[in-house]
Amino acid sequence: MGESAAARDVDPAAGTPPSGEPGAGTAPGIELAGVSKRFQLSRGETIEALSGFSLRLEVGEFVAVIGPSGCGKSTALRLVAGLEQPDEGAVRLAGEPPAAIIDEGRLGVAFQEHALLPWLSVWGNIALPFKVRGRPVDEDQVRSLVELVGLTGFEKARPKQLSGGMRQRVSIARALVLRPDFLLLDEPFGSLDAVTRRQLNLELQDLWALRGITTVLVTHSVEEAILLADRIAVVSGRPGRVVLERDVPFDRPRGRDVEHLPEFRSLMDDLTTALDRAAAMTRGG
Ligand code: ADP
Ligand code: MG
């Protein structure tokens, strides 16, 4: 952090992972190396979601991934979460296949489709990962997360009694409850209005920075990416691959004032332009 906002345009022909050479030095936090993923559709058609997708996060790094809708962002996260297998390339967490890390409970996920269980309270939903793994619930840990995400007093409430922002806080607390080393967030603030979203971004940013969890955030908001991430990766239209990476040069904690800095505006402009170009790359509609 604090260094220049270096841009690394990725040469697709070179086949080099944009985030450095695999195998050099210590194992990275999260690594996708030359990953391809195809899905079978009906009548024998296939769809190529990812092709030559490479992204590498150092331990403790927070990377935001932005890209046009349908470019394979969620697919990339599902590969890291071990929910899909790559057709080509490799996915590693701490240098190991995801399954090993997931078995140890070292990966937290907050995906949009992972809804809260409506019949469980806030407390019950946050404690759920312990139950799922057959572990005794660490009450102190649940309590400290309830506090951290600002839900003290709402422990007994059911999801339907909460606002959208509060439900998102519960999802994030649940993803963190097992003290993961790795965190995957797929548009966790996607359904919120702009004001609530920004408020949550500002409030929760310390949580990422302090805990040193290696985090990938998929978002469609360039602003959110800049507020939260150490680095931003732009994904091309389908088949998705990382076409640009930019470091975010702002010190933490980042307040509302950051948005008025000329560097913020120019980073915003650069990334928005890159997103427009990325969208134009989509093959086959
Ligand atoms: P994003 O999250 O960037 O919007 P996704 O990763 O969800 O994109 O999807 C990328 C492409 O792969 C889309 O065209 C989507 O329809 C397709 N896709 C994703 N998952 C599946 C699946 N299980 N079966 C078939 N197609 C899929
Ligand atoms: Mg998605």
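Throughout, numbering of the chain's residues begins at 1 and tracks the sequence. Just so you know, ligand 1 is whichever comes first in the structure, and atom 1 is the first atom listed for that ligand.
- Of all protein N/O/S atoms, those under 2.8 Å from the Mg ion (ligand 2) are Ser74 OG, and waters are not counted.
- Using a 4.5 Å cut-off on side-chain heavy atoms (C-beta onward), Phe154 and Gln161 make no contact.
- The two atoms that bring Thr214 and Gly60 nearest to each other are OG1-N, 2.8 Å, heavy atoms only.
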Report the C-alpha separation of Glu31 and Arg56 in whole Å, then their side-chain angles, then the decisive distance to 0.1 Å, and conclude whether the salt bridge (charged side-chain N to carboxylate O under 4.0 Å, His left out) test is met. CA-CA 4 Å; Glu31 184 173 35; Arg56 179 184 157 110; 3.8 Å; yes
Would you check, one step at a time, whether the test salt bridge (charged side-chain N to carboxylate O under 4.0 Å, His left out) holds for Glu203 with Arg169? CA-CA 11 Å; Glu203 279 176 29; Arg169 291 163 195 258; 3.0 Å; yes
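- Counting heavy atoms from C-beta outward, Leu107 and Val109 have side chains that approach closer than 4.5 Å.
- Within the 4.5 Å cutoff, the side chain of Asp230 has no heavy atoms near those of the Asp247 side chain.
- By the 4.5 Å heavy-atom criterion applied to side chains, Val170 and Leu151 are counted as neighbours.
- Salt-bridge annotation for Asp186 and Arg78: absent, with no side-chain N of the basic residue lying under 4.0 Å from a carboxylate O of the acidic one.
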For ligand 1, list all ligand N or O to protein N or O distances below 3.5 Å, rounded to 0.1 Å.
{"from": "ligand 1", "atom 1": "2 (O)", "to": "Ser74", "atom 2": "N", "distance (Å)": "2.9"}
{"from": "ligand 1", "atom 1": "2 (O)", "to": "Ser74", "atom 2": "OG", "distance (Å)": "2.8"}
{"from": "ligand 1", "atom 1": "3 (O)", "to": "Cys71", "atom 2": "N", "distance (Å)": "3.2"}
{"from": "ligand 1", "atom 1": "3 (O)", "to": "Gly72", "atom 2": "N", "distance (Å)": "3.0"}
{"from": "ligand 1", "atom 1": "3 (O)", "to": "Lys73", "atom 2": "N", "distance (Å)": "2.9"}
{"from": "ligand 1", "atom 1": "3 (O)", "to": "Lys73", "atom 2": "NZ", "distance (Å)": "2.9"}
{"from": "ligand 1", "atom 1": "4 (O)", "to": "Gly70", "atom 2": "N", "distance (Å)": "2.7"}
{"from": "ligand 1", "atom 1": "6 (O)", "to": "Ser74", "atom 2": "N", "distance (Å)": "3.4"}
{"from": "ligand 1", "atom 1": "6 (O)", "to": "Thr75", "atom 2": "N", "distance (Å)": "2.9"}
{"from": "ligand 1", "atom 1": "6 (O)", "to": "Thr75", "atom 2": "OG1", "distance (Å)": "2.6"}
{"from": "ligand 1", "atom 1": "8 (O)", "to": "Gly72", "atom 2": "N", "distance (Å)": "3.2"}
{"from": "ligand 1", "atom 1": "14 (O)", "to": "Arg238", "atom 2": "NE", "distance (Å)": "3.2"}

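- Of the charged side-chain nitrogens involved, none lies within less than 4.0 Å of a carboxylate oxygen, so that Arg38 and Glu45 do not count as a salt-bridged pair.
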